[in-house]
Enquirer: 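My questions will all concern the structure given below.
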Amino acid sequence: MPAPSITFAGLPSGARTAIEAEIGSILKVEDVSTGLNSSLSALAHTADGVVFLKGLRSDQRWVWTQQREADINPYVTPIAPRLLFHVIADGWDLLGFEAIDGHHADYSPGSLDLPKVTGALRELVSLPCPDIELRHAEQRLAGYVADPADAEAFAGNALLHTDWNNHNVLITHDRAHLVDWGWATRGAAWIDPAHWIIWLVAAGHTPSAAEETVSLLPAWALAPPRAVDAFADASANLWEEIAGSAPDDWTMNLLNAARLWQQHRSNRS
């Protein structure tokens with residue numbers, strides 16, 4: 001379930017004071033949509049510029065993702081905004097990042113954003129996976145494959161983002177920036193392109209066209225076909241679990257995309 005949202009003004013005073021202690025007096029705040037993984041999402045304007053704020057209650061079940069983002073940020077700043085602060089105050093876990101002046105990526109067929117996203121995937125695979133606590137792809141997906149042994153094909157030493165929601169990819173004039181690293185994972189390098197395929201299908205690509213979009217990525221070229229088949233099965237099962245018995249339109253679209261790709265993989269010769 002999405003984290004319950006809150007405006008900046010709705011934060012307890014101690015949390016707002018702690019933020020201003022880090023970035024200075026706030027002149028204006030723009031509350032923005034939070035997505036699934038954050039309760040607070042806002043742009044704070046100060047005399048020195050704009051800071052993107054995100055936060056969760058300290059007792060929220062996904063609060064560990066805040067620490068994960070803080071831990072990984074020094075290793076991904078070539079493609080992610082720089083973390084300015086991480087504070088815990090008055091029951092809230094809060095992060096402040098450099099604000100990126102860009103738009104959410106458009107994944108639709110023919111979009112001019114697609115080459116920039118592909119470039120970000122190339123850059124990501126070139127980054128070494130840091131020696132910090134990370135989840136492992138084979139563990140995260142073990143419960144969604146027919147045979148738990150199949151999940152071992154997802155293991156590897158690459159740094160993965162894994163959440164390719166287009167709202168997590170900000171496009172500027174020259175590149176794509178990846179945000180929301182709370183679900184960063186260690187695994188096989190081809191898994192991020194595989195995750196992106198589902199989002200491409202959800203945006204209107206056929207499964208064949210989506211695979212063609214990632215086909216020039218070296219990591220994808222090295223993907224064992226049987227492992228990709230197992231990943232497609234696992235992804236469909238995962239999205240079915242997320243959808244539950246009464247999915248909203250957004251979730252149903254992703255579930256249908258995962259199922260379409262799963263069918264495409266099962267039908268390949």
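Heavy-atom basis, side chains included; hydrogens, waters and symmetry copies ignored.
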Enquirer: Which value, rounded to the nearest 0.5 Å, describes the distance between Asn237 atom CG and Ile242 atom CD1?
Expert: 11.0 Å
Enquirer: Take atom CD in Glu30; do more than 12 heavy atoms of anything else shown fall under 6.0 Å from it?
Expert: yes
Enquirer: Strictly distance-based, threshold 3.5 Å: is any side-chain N or O of Asn166 a donor or acceptor partner for the main-chain N or O of Ala105?
Expert: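 Indeed, once roles are kept as given, a pair shorter than 3.5 Å links the two residues.
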Enquirer: Can you check whether Asp249's main-chain N or O pairs, donor with acceptor, with Asn253's side chain at less than 3.5 Å?
Expert: no
Enquirer: Have Thr162 and Arg135 got a donor and an acceptor in their side chains that come within less than 3.5 Å?
Expert: no
Enquirer: Between atom CG of Leu56 and atom CZ of Arg61, what is the distance when rounded to the nearest 0.5 Å?
Expert: 12.0 Å
Enquirer: Would one find more than 12 heavy atoms of other residues, nucleotides or ligands at under 6.0 Å from atom CD of Glu212?
Expert: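 For Glu212, atom CD is not crowded (no more than 12 foreign heavy atoms under 6.0 Å).
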Enquirer: Report whether Ile79 and Leu160 are members of the same hydrophobic cluster (ILVMFWY, side-chain heavy atoms less than 4.5 Å apart, transitive linking).
Expert: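 Yes, Ile79 and Leu160 fall within the same hydrophobic cluster.
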Enquirer: How long is the gap from CZ on Arg82 to CD on Glu98, to the nearest 0.5 Å?
Expert: 4.5 Å
Enquirer: Counting only heavy atoms from other residues, nucleotides and ligands, does the tally under 6.0 Å from CG of Asp101 exceed 12?
Expert: no
Enquirer: Does Val179 belong to the same Ile/Leu/Val/Met/Phe/Trp/Tyr cluster as Trp64, with side-chain heavy atoms less than 4.5 Å apart forming each link?
Expert: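 Per the 4.5 Å side-chain linkage, Val179 and Trp64 are not co-clustered.
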Enquirer: Test: ring-ring contact (aromatic ring centres under 6.0 Å, His included). Region: residues 81-101. Which pairs qualify, not counting sequence neighbours?
Expert: none
Enquirer: Please determine whether residues Trp250 and Leu255 belong to a single hydrophobic cluster, defined as Ile, Leu, Val, Met, Phe, Trp and Tyr linked transitively by side-chain heavy-atom distances below 4.5 Å.
Expert: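 Trp250 and Leu255: one cluster.
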Enquirer: Should the heavy atoms of other residues, nucleotides or ligands under 6.0 Å from CG of Asp131 be counted, would the total exceed 12?
Expert: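 No - once you tally the heavy atoms of other residues, nucleotides and ligands closer than 6.0 Å, there are 12 at most.
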Enquirer: Salt-bridge test for Arg265 and Glu211: reply yes if a basic N is under 4.0 Å from a carboxylate O, no otherwise.
Expert: yes
Enquirer: Output the distance between atom CH2 (Trp261) and atom OG (Ser235), rounded to the nearest 0.5 Å.
Expert: 6.0 Å
Enquirer: I'd like to know if the side chain of Gln262 reaches the main chain of Ala236, judged simply by a donor and an acceptor atom lying under 3.5 Å from each other, with no hydrogens or angles considered.
Expert: no
Enquirer: Backbone N or O of Ala151 within a donor-acceptor pair of the Glu138 side chain at under 3.5 Å?
Expert: no
Enquirer: Does atom CG (Asn157) have a neighbourhood of more than 12 heavy atoms from anything else shown, all under 6.0 Å?
Expert: no
Enquirer: Counting only heavy atoms not in Leu27 (residues, nucleotides, ligands), do more than 12 fall under 6.0 Å from its CG?
Expert: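 Counting neighbours around CG of Leu27, more than 12 heavy atoms of other residues, nucleotides or ligands fall under 6.0 Å, so yes.
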Enquirer: In terms of side-chain heavy atoms, does Asp71 have a donor or acceptor partner in Gln67 at a distance below 3.5 Å?
Expert: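 Judged by distance alone, the side chains do pair up.
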Enquirer: Can you tell me how far CG of Leu40 sits from CG of Leu11, rounded to the nearest 0.5 angstrom?
Expert: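 Nearest 0.5 Å value for the CG-CG distance: 5.0 Å.
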Enquirer: Main chain of Ala137, side chain of Thr185: is a donor-acceptor contact present, judged purely on distance under 3.5 Å?
Expert: no
Enquirer: Is the number of heavy atoms from other residues, nucleotides or ligands within 6.0 Å of CZ (Arg226) greater than 12?
Expert: no
Enquirer: For Trp62 together with Trp183, are the ring centres under 6.0 Å from each other?
Expert: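 Under 6.0 Å, so yes.
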Enquirer: Give me the ring orientation class for Trp164 and Trp196: parallel if the planes are under 30° apart, tilted from 30 to 60°, perpendicular past 60°.
Expert: tilted
Enquirer: Tell me whether Asp31 contacts the main-chain N or O of Thr7 through its side chain, where contact means a donor paired with an acceptor under 3.5 Å.
Expert: no
Enquirer: Within the 3.5 Å criterion, strictly below it, is a donor on His104 or Asn165 matched to an acceptor on the partner's side chain?
Expert: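 His104 vs Asn165: no donor-acceptor pair found between side chains.
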Enquirer: Counting C-beta onward and ignoring hydrogens, is there a side-chain heavy-atom pair between Val169 and Leu178 closer than 4.5 Å?
Expert: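 Answer yes - side chains close enough.
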Enquirer: What's the spacing between Leu134 CG and Gln139 CD if we round to 0.5 Å?
Expert: 11.0 Å
Enquirer: So, Asp48 and Thr46: side-chain donor and acceptor under 3.5 Å apart, yes or no?
Expert: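 No donor-acceptor contact under 3.5 Å links the two side chains.
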Enquirer: Do any pairs count as a ring-ring contact (aromatic ring centres under 6.0 Å, His included) and have a residue in residues 111-160, sequence neighbours left out, and if so which ones?
Expert: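 Found Phe154-Phe231.
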Enquirer: Backbone N or O of Trp239 within a donor-acceptor pair of the Arg259 side chain at under 3.5 Å?
Expert: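 No; judged by distance alone, with no hydrogens or angles, the pair does not exist.
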Enquirer: Would you call Lys54 and Asp180 a salt bridge, using N to O less than 4.0 angstrom?
Expert: yes
Enquirer: Can you find a heavy atom in the side chain of Pro193 that is under 4.5 Å from one in the side chain of Leu121?
Expert: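 Side chain of Pro193 against side chain of Leu121, heavy atoms only: contact under 4.5 Å found.
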Enquirer: Could you check whether any side-chain heavy atom of Leu217 comes within less than 4.5 Å of a side-chain heavy atom of Thr118, counting everything from C-beta outward?
Expert: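 Sidechains of Thr118 and Leu217: in contact.
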